[in-house]
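A quick write-up on the structure given underneath.
Residues: numbered from 1 along the sequence shown. All heavy atoms count here, side chains included; hydrogens, waters and symmetry mates do not. Remember, it's a predicted structure, so these values are computed and weren't measured experimentally.
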Amino acid sequence: MLIGKYFQVIWYAILAVMSVSSFYVSANTLEGIRVWPSPDETRIVIDLNSEANYSYFTLSSPYRLVVDLKNTNLKAKLPLTVSDSKVLSKIRKSSSPSKDTTRLVFELKHSVKAEVFKLAPTPGGQYGHRLVMDLPHSSSSVSKPTQSKPVKPSQPIINSNSNHIIGNGEIIIAIDAGHGGEDPGSIGPTRKYEKHATLAISKKVVAQINAQPGMRAIMTRSGDYFVNLNKRTDIARKNKSHLLVSIHADSFRSPQPRGGSVFVLNTRRANTEIGRWVEKHEKQSELLGGAGDVLAKNSNDRNVSQTLLDLQFSHSQKEGYKLATNVLSEMGKVIKLHKKDPVNASLAVLKSPDIPSILIETGFISNPTEEKQLFQRGHQDKIARAISKAIVSYLNANPPQGTLLAAQGQQKKHKVRSGESLSVIAKKYGTTATKLKSVNNLKSTSLAVGQVLIIPTNKPVYVAPKTTTSKAASSNTKQARTIITHKVRSGEYLGKIASKYKVSTSSIRSLNRLKSDTLFVGQKLKVSIVAPVKKHTVKRGEFLGKIATKYGVSVSSLRKANKLRSDELAIGQVLIIPTS
């Protein structure tokens, strides 16, 4: 009997130890908290080592969001002050309702309807278990246009062919930089993120499109923050975009594949989307213009809705394919192509029925060579020029209705009469003699009676972006960019520093990956400035030491800048003189 009781006591002790050890095994740990402010919302990401068991509620006077993480230990450092969010000011720990619960308090600037949800670990192992909170900045969740040219208000115009010009007649192109913020995209062999390459290339494309007359580019994201895939097409639509171009970098499980591709929406996904939009009866006016407005108010016929949406999708697919072909043609001149024809795919960012859309893969970030290239400024410039040139070429050939480009007249011809000169004809058609000579390949201003001249239109053509070369630079000097380091002094702010070096604040933000414009005294910033790079042509009797002394540089820097294997020079040899 005593033996039986003895074993019973031991058994209860074992159960107690097992229950305590199971508690410690199952305990979660809060590893860190990340905040991603965007123009429309602030995303908070809580990193955990296992799935979150949570509850939350809100408080007012002052406004707070309170999150309880059950059976969770806190490892992250708190409090955390947030300076660049329109809704969130501080994250702190508070008294917990129980010993095994961590209570977090998010201090808010105004009332907000938070969206809280869990995310599973990413397949590549970049992120583990996460708890996400999306805090909208206002009731409107669609971004205003970013990176756009200033537009002067103008009255509606009627051209000679009676085609109505909508608004100021600009063509608007939405440029979508893939991924961002919490979503890094694909990760290269040296741990570089796709989201940074796509944003850099997208900004360059926007700048080059904005250099074109009659065109304006907007961005679905202009910084390192997350934008929902569905919201990207909404941003394009709200800004009345004529095209949506999404820019990405490809990836594969092995490092061998390389080259660019362009994707368009496949028919199967289009048919699925048509079915969904048929159900969105109240939104059809937004998609289909005037016809959709009449349909939404006066008809419940699903067949009519489906027919109109089918026509709209077919048009967008066809135009998207044309644009994709143009982009491949231009990209193929500057980079290797992975696929020489547009690829049909079921991708969320391509699913808008009213906006021709394409997705560009600028190369394989999983390939070591292309990963390196995707983060080189010169390579990014080549890709951006190819994309923008292809877009402009497509729009010149297929101008959207209601734009100035579409309203311009067809090419005119003029038959020279007796007594007419080139300047008289140019004045008659509102052009210049120089343009007339160029279009007609004239070597002189002499004309023959009966000669037929082509009259140039004012149709925009692709304009190469301006270079930074100074007009005052001599034939032996060219302009190049160099990186310097600036140490922040008391009273300095980002705009003041940018003005000092004649660069943009956005370039300093990008180069230093600043999440806000707040600076502290003593902080070191990298600044990319324009610096002259001189060249010297070797003359008789000159040697390396003499040339180095002349320009106030060292012999070793001359060797390095010119990759010289010896100090022997040849008469007429051109040397690059390094900057001090």
Checklist entry - Short question: side chain of S85, backbone of V87 - any donor-acceptor pair under 3.5 Å? => result yes

Item to check | Sequence-distant partners of H242, ring-ring contact (aromatic ring centres under 6.0 Å, His included), two or more places apart | outcome: none

Checklist entry - Heavy atoms, side chains only, cut-off 4.5 Å: are S528 and R377 in contact? => result yes

Checklist entry - So, the side chain of R130 versus the backbone of A120: is there a donor-acceptor pair under 3.5 Å, distance only? => result yes

Checklist outcome for this item: Of H248, M331, K339, K340, the one forming a side chain to side chain contact (heavy atoms under 4.5 Å, CB included) with S261 is K339

Next on the checklist: Checking side-chain polar atoms at under 3.5 Å, does E319 have a donor or acceptor matched by the opposite partner on Y394?
Outcome noted: yes

Item to check | Those residues that, when tested against K333, pass salt bridge (charged side-chain N to carboxylate O under 4.0 Å, His left out) (two or more places apart) | outcome: E330

Item to check | Residues in salt bridge (charged side-chain N to carboxylate O under 4.0 Å, His left out) contact with E115, at least two apart in sequence or another chain | outcome: none

Next on the checklist: Strictly distance-based, threshold 3.5 Å: is any side-chain N or O of S186 a donor or acceptor partner for the main-chain N or O of E194?
Outcome noted: no

Checklist entry - Do V527 and L511 have side-chain heavy atoms sitting under 4.5 Å apart? => result no

Item to check | Rounded distance (nearest 0.5 Å) linking atom CH2 of W36 with atom CD of E41 | outcome: 13.5 Å

Next on the checklist: I'd like to know if the side chain of S89 reaches the main chain of E107, judged simply by a donor and an acceptor atom lying under 3.5 Å from each other, with no hydrogens or angles considered.
Outcome noted: yes

Checklist entry - With no hydrogens and no angle check, is any side-chain donor or acceptor of N28 less than 3.5 Å from a backbone partner on E51? => result yes

Item to check | Qualifying residues under salt bridge (charged side-chain N to carboxylate O under 4.0 Å, His left out), relative to D381, sequence neighbours excluded | outcome: K204

Next on the checklist: Apply side chain to side chain contact (heavy atoms under 4.5 Å, CB included) to residues K70 and T101 and explain how you reach the verdict.
Outcome noted: CA-CA 4 Å; K70 298 172 185 176; T101 297; 4.2 Å; yes

Item to check | Verdict with reasoning, L323 to V245, per side chain to side chain contact (heavy atoms under 4.5 Å, CB included) | outcome: CA-CA 10 Å; L323 176 59; V245 178; 4.2 Å; yes

Checklist entry - Rounded to the nearest 0.5 Å, what separation is found between the CG atom of L229 and the CG atom of D176? => result 8.0 Å

Checklist entry - Step by step, would you call F252 with D250 a side chain to side chain contact (heavy atoms under 4.5 Å, CB included)? => result CA-CA 7 Å; F252 197 65; D250 219 333; over 6 Å; no

Item to check | Counterpart residues, side chain to side chain contact (heavy atoms under 4.5 Å, CB included), relative to Y54 (two or more places apart) | outcome: A52, Y56, L69, V116, K118, L131

Checklist entry - Any donor and acceptor pair, going by atom type alone, linking the side chain of R221 with main-chain N or O of H179 inside 3.5 Å? => result yes

Checklist entry - With side chains defined as the heavy atoms from C-beta onward, is the minimum distance between V264 and Q317 less than 4.5 Å? => result no

Checklist entry - Between atom OG1 of T58 and atom OH of Y63, what is the distance when rounded to the nearest 0.5 Å? => result 10.0 Å

Item to check | L65 side, atom CG; S111 side, atom OG - distance, nearest 0.5 Å | outcome: 11.0 Å

Checklist entry - Considering the options L244, V205, L243, which one meets the side chain to side chain contact (heavy atoms under 4.5 Å, CB included) requirement together with I173? => result L243

Next on the checklist: Whether the side chain of K195 engages the backbone of G181 through a donor-acceptor N/O pair (distance < 3.5 Å, no angle test) should be reported.
Outcome noted: yes

Checklist entry - Is there a donor-acceptor pair under 3.5 Å between the side chain of R43 and the backbone N or O of Y225? => result no

Next on the checklist: Would you say CZ of F375 has more than 12 non-hydrogen atoms from neighbouring residues, nucleotides or ligands within 6.0 angstrom?
Outcome noted: yes

Next on the checklist: Please check: side-chain N/O of N367 versus main-chain N/O of T369, any donor-acceptor pairing under 3.5 Å?
Outcome noted: yes

Checklist entry - Does L30 reach the side chain of I46, with side-chain heavy atoms less than 4.5 Å apart? => result yes

Item to check | Over 12 non-hydrogen atoms of neighbours within 6.0 angstrom of NZ in K192 | outcome: yes

Item to check | Residue from Q380, H379, R385 passing side chain to side chain contact (heavy atoms under 4.5 Å, CB included) with I383 | outcome: H379

Checklist entry - Hey, does V227 have a side-chain heavy atom less than 4.5 Å from the side chain of S38? => result no

Item to check | R258 and E370 ion-paired at < 4.0 Å | outcome: yes

Item to check | With sequence neighbours excluded, residues passing ring-ring contact (aromatic ring centres under 6.0 Å, His included) with H338 | outcome: F364

Checklist entry - Which distance, rounded to the nearest 0.5 Å, do you find between the CD of Q212 and the NZ of K389? => result 10.5 Å

Checklist entry - From N71 CG over to N73 CG, what is the distance, rounded to the nearest 0.5 angstrom? => result 7.5 Å

Next on the checklist: Salt bridge or not between D234 and R237? Use side-chain N to carboxylate O under 4.0 Å.
Outcome noted: yes

Checklist entry - Hey, does the side chain of T102 reach the backbone of T72 with a donor-acceptor pair shorter than 3.5 angstrom? => result yes

